[in-house]
Amino acid sequence: MPRTTTASNKGKDESVRVVVRCRPMSDKEQESGCERAVDIDVQRRQMSIRRPTGESSQRSSDDTIHNFFFDAVYDWNSQQKNVYEQTARPLVDSVLEGFNGTIFAYGQTGTGKTFTMEGIRSQVELRGIIPSSFTHIFDSISHTTSRQFLVRASYLEIYNESIRDLLSRDQNKRLQLQEHPKEGVHVHDLSSFITKNIQEIEHVMTTGNLNRSTGATNMNEHSSRSHAIFIITVESSEIGMDGKAHIRVGKLNLVDLAGSERQAKTGSTVKF
Ligand SMILES: Nc1ncnc2c1ncn2[C@@H]1O[C@H](COP(=O)(O)OP(=O)(O)OP(=O)(O)O)[C@@H](O)[C@H]1O
């Protein structure tokens, strides 16, 4: 999950952070006797991959375990709250300060990208990074009296090389990427909605998700092959010592990528 490229990182000076989360085995995997091939050492931030026992006898012992280190690792017992607090919170804080940041989940189909990014919104302890960021942003705003805030939300999907505005009335319309001298690369004509509280931004997400599923014939297949990007823009204005209003704008891109094995099949070459 990359961090903001410009924010002050509160002691962690990398602009990109990569964390790994390993989900629990599904019932199906357990029933069919699947063997776990991954060990996670949270303290050492290390993940080890073992060759399955059937294969290891033919190889030297050096070849059986491979260790990898990350900025953080989360095992099958990890809680949504901890992932948010340790990995997403600092980045969202910097967006509130006027910097840009992106969080994306990458992995094969079924590895837990949607669970980590969105989770189950109706159950507090299962809420993923996106709904937790809603609560965080509006809680912070309600505790800040020195600045006026404006929060806008957009939601788009990239599928088969084309960009669809999930909040547009016309779901047949396709949008184009454009390069702007000030804004940089952006999606032309993408709608954005002012949201004043958690309920309003939740509603925006629900509307987008409905358009995502009604636009698809086979929802699972479709969502596994499409990228979804929820964009929150936080603008704030503060009266400075000079008596003038100073504006800051931060943008948070929250991305649920298509399954990594599917990306070649989507034919998507769109870059942000
Ligand atoms: N950390 C976790 N704890 C409990 N269940 C999880 C966890 N991660 C994923 N799951 C479950 O595993 C299943 C697959 O997860 P999910 O749908 O998030 O995968 P995905 O990577 O988004 O797949 P796709 O690329 O097809 O969209 C779901 O039933 C989800 O609830």
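Computed from heavy atoms alone, side chains included, the values below leave out hydrogens, waters and symmetry copies.
The salt bridge (Lys or Arg N to Asp or Glu O under 4.0 Å) search around Arg23 returns Glu29, not counting sequence neighbours. Not counting sequence neighbours, the partners of Phe230 by the ring-ring contact (aromatic ring centres under 6.0 Å, His included) test are Phe134, Tyr155. In terms of the ring-ring contact (aromatic ring centres under 6.0 Å, His included) criterion, Phe149 has no residue partners (sequence neighbours excluded).
If you take CG on Asn253 and OG1 on Thr102, they are separated by 4.0 Å, rounding to the nearest 0.5 Å. Here the OG atom belonging to Ser236 is positioned 7.5 Å from the CD1 atom belonging to Ile247, to the nearest 0.5 angstrom. In this structure, the separation between CD on Gln46 and CZ on Phe70 is 10.0 Å, given to the nearest 0.5 Å.
Side-chain contact between Ser133 and Leu254: present, with at least one pair of heavy atoms (C-beta onward) separated by less than 4.5 Å. In this structure, the side chains of Asn100 and Val95 stay at 4.5 Å or more apart for every pair of heavy atoms. Proximity of Val73 to Asp41: side-chain heavy atoms (C-beta onward) are nowhere separated by under 4.5 Å. The shortest distance between side-chain heavy atoms of Leu156 and Ile231 falls below 4.5 Å. Using a 4.5 Å heavy-atom threshold, the side chains of Asn211 and Leu167 count as separate.
Salt bridge status for Asp165 with Arg174: absent, with no side-chain N to carboxylate O gap under 4.0 Å. Residues Arg127 and Glu202 are paired through a salt bridge, judged by an N-O separation under 4.0 Å between the basic side chain and the carboxylate. Between Glu97 and Arg147 there is a salt bridge, since a side-chain N of the basic residue sits under 4.0 Å from a carboxylate O of the acidic one.
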Under the side-chain contact (heavy atoms from CB on, under 4.5 Å) criterion, do Glu31 and Ser26 qualify, and how do the steps go?
-> CA-CA 9 Å; Glu31 280 158 21; Ser26 65; over 6 Å; no
